[in-house]
Amino acid sequence: MKSVVYLDNSATSMPCQKAIDNINSALCNNWGNPSSLHLMGLNAEIELSDARRIVAKTIGANDDEVFFTSGGTEANNIAIFGAVAARKKRGNRIVTTAIEHPSVLEPIKTLEAQGFEVIYLKPDKNGVVSESDIYNAINEKTILVSIMLVNNEVGSIQPIKVAADAIKKTGAPALLHCDAVQAFGKLNINVASLGVDLLSASGHKIHASKGVGFLYKKKNVHIANLIYGGGQEKGLRSGTEALPLISGLKGAIEEIGNINNNLSKITELRDYAINKLTQNENIVINSAKNSLPYILNISVVGYRSETLLHYLEACDIYVSSGSACAKGHKSYVLNEIGLDAKRIDSALRISFSRFSKKEDIDKLCQALHKACSILRRA
């Protein structure tokens, strides 16, 4: 593959070598069914259990609290529909934010159409929902609170612990769900410290493959099963486990290294990028300073995002105009934080990984400077 500048890691990330090696090994050497009672099944079950242990350790959970899924979308759907089905006799209010990922918003909109009351918390200009709004939204009829840890477009970090405290203080029967897809492997996560009952994550954002993720479900928390079959994953998510992909996730986690050291490196890279980018008078920064540094949202005011994306692609530089799931639609996240139409129409999301380099930033800045000099302003 030719050399490219890849800065779209919040959409997906390049599989790391340990993930690739683990996937190949499972496909070629350990392809038994983990539910089979013979030796090949036992070997597969040992690998499955080892992967579950490593995932659990990463978030401070017990092994039996981790359930493998096909990715973050499935984990979010299981958590939301399962929690509401289990608690619907105790209330009818759901609390979420207006800037959640579509895999949270769409299930909740479906429940809203069925008659559940939904409170959509609005973020401030930094993309963060206020603590007072969280407290005011949660009452004795609230059965689910679903708030992401890190926003996928601007990187804002949400006050999850506040939601846990509000549920406890109001005595609400609510379960607390957290979409941690953009945070897992990038921030130190401890489910007990966060106070969550349910937490979702995905493999392909941390250099594993697509098609694998997991749901953390706190011990003794009951949610309804949505997928029935052979009873795999303790009946919560039946179906033969995708051992090669799960083994790849295990390898990706093992290759992460020290999360704090990675975070320091990415913070330095993000700050370097801001300094270089803002030397271009057309560029403004949309992400707040205290956002997760892996995500940097900018606007090249006066130039349409789509035009810039194609120009950068021709230079072998890859960024995005927002969430990959939006497929070109205008960003509702940027609209919710109060940006005007010009800023939204010219927005680009730059997202780093531990493989990103300052040279990547230099090439991006050079290309954007050239683009502004030759492209017609929108």
Side-chain angles (χ1 to χ4, degrees), residues 72-73 75-85 87-88 90-167 169-170 172-183 194-200 286-288 291 295 297 322-323 325-326 329-341 343-344 347:
T73 292
N76 284 337
N77 274 254
I78 291 173
I80 291 165
F81 286 119
V84 169
R87 302 258 164 159
K88 62 185 178 181
R90 302 175 66 180
N92 72 331
R93 175 174 283 198
I94 299 168
V95 176
T96 189
T97 80
I99 58 170
E100 296 295 312
H101 188 271
S103 63
V104 168
L105 288 178
E106 292 306 315
I108 288 178
K109 287 176 183 177
T110 298
L111 292 166
E112 186 176 25
Q114 294 173 7
F116 289 92
E117 178 191 18
V118 179
I119 306 299
Y120 297 96
L121 302 173
K122 303 288 186 179
D124 61 18
K125 65 180 181 180
N126 294 320
V128 180
V129 296
S130 77
E131 297 184 8
S132 60
D133 284 352
I134 292 173
Y135 270 98
N136 291 335
I138 297 172
N139 62 18
E140 69 280 357
K141 292 185 178 180
T142 306
I143 56 174
L144 174 66
V145 179
S146 182
I147 299 178
M148 63 187 357
L149 186 49
V150 172
N151 180 263
N152 52 298
E153 290 196 39
V154 295
S156 53
I157 301 172
Q158 305 303 327
I160 304 300
K161 294 180 184 178
V162 172
D165 291 341
I167 291 170
K169 288 181 180 178
T170 58
L175 294 178
L176 176 57
H177 167 247
C178 177
D179 173 358
V181 166
Q182 295 294 345
L194 288 175
V196 297
D197 300 296
L198 303 157
L199 181 139
S200 310
N286 299 326
S287 294
S291 296
I295 297 173
N297 197 294
S323 171
C325 297
H329 295 294
K330 289 185 178 181
S331 169
Y332 60 87
V333 172
L334 298 183
N335 182 64
E336 289 291 347
I337 68 174
L339 298 191
D340 60 39
R343 290 268 290 273
I344 295 172

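Everything quoted here is computed from the prediction, not taken from an experiment.
Looking at residues two or more places apart in sequence or on another chain, you find a salt bridge (charged side-chain N to carboxylate O under 4.0 Å, His left out) between Lys109 and Glu106. In this structure, Thr96 has no side-chain hydrogen bond (donor to acceptor under 3.5 Å, both in side chains) partners at least two apart in sequence or on a different chain.
Distance CG/Asp197 to CD1/Ile167: 7.0 Å, rounded to 0.5 Å.
Between Pro159 and Val128 the shortest side-chain heavy-atom distance falls below 4.5 Å. The side-chain heavy atoms of Val196 and Ile160, taken from C-beta on, include a pair separated by under 4.5 Å.
A donor-acceptor contact under 3.5 angstrom links the side chains of Glu153 and Ser331, judged on distance only. Side-chain N/O atoms of Thr73 and Asn76 include no donor and acceptor closer than 3.5 Å.
A distance-only check finds no donor-acceptor pair linking the side chain of Asn92 to the backbone of Phe116 [under 3.5 Å]. Between the side chain of Gln158 and the main chain of Val129, a donor-acceptor pair closer than 3.5 Å is present.
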side-chain contact (heavy atoms from CB on, under 4.5 Å) between Ser200 and Val104, intermediate numbers included:
CA-CA 11 Å; Ser200 310; Val104 168; over 6 Å; no
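Contact detail for Val181 and Gly72: the closest heavy-atom pair is CG2-CA, 4.0 Å.
The salt bridge (Lys or Arg N to Asp or Glu O under 4.0 Å) analysis of residues 116-125, with sequence neighbours excluded, yields the pairs Arg93-Glu117, Lys122-Glu336.
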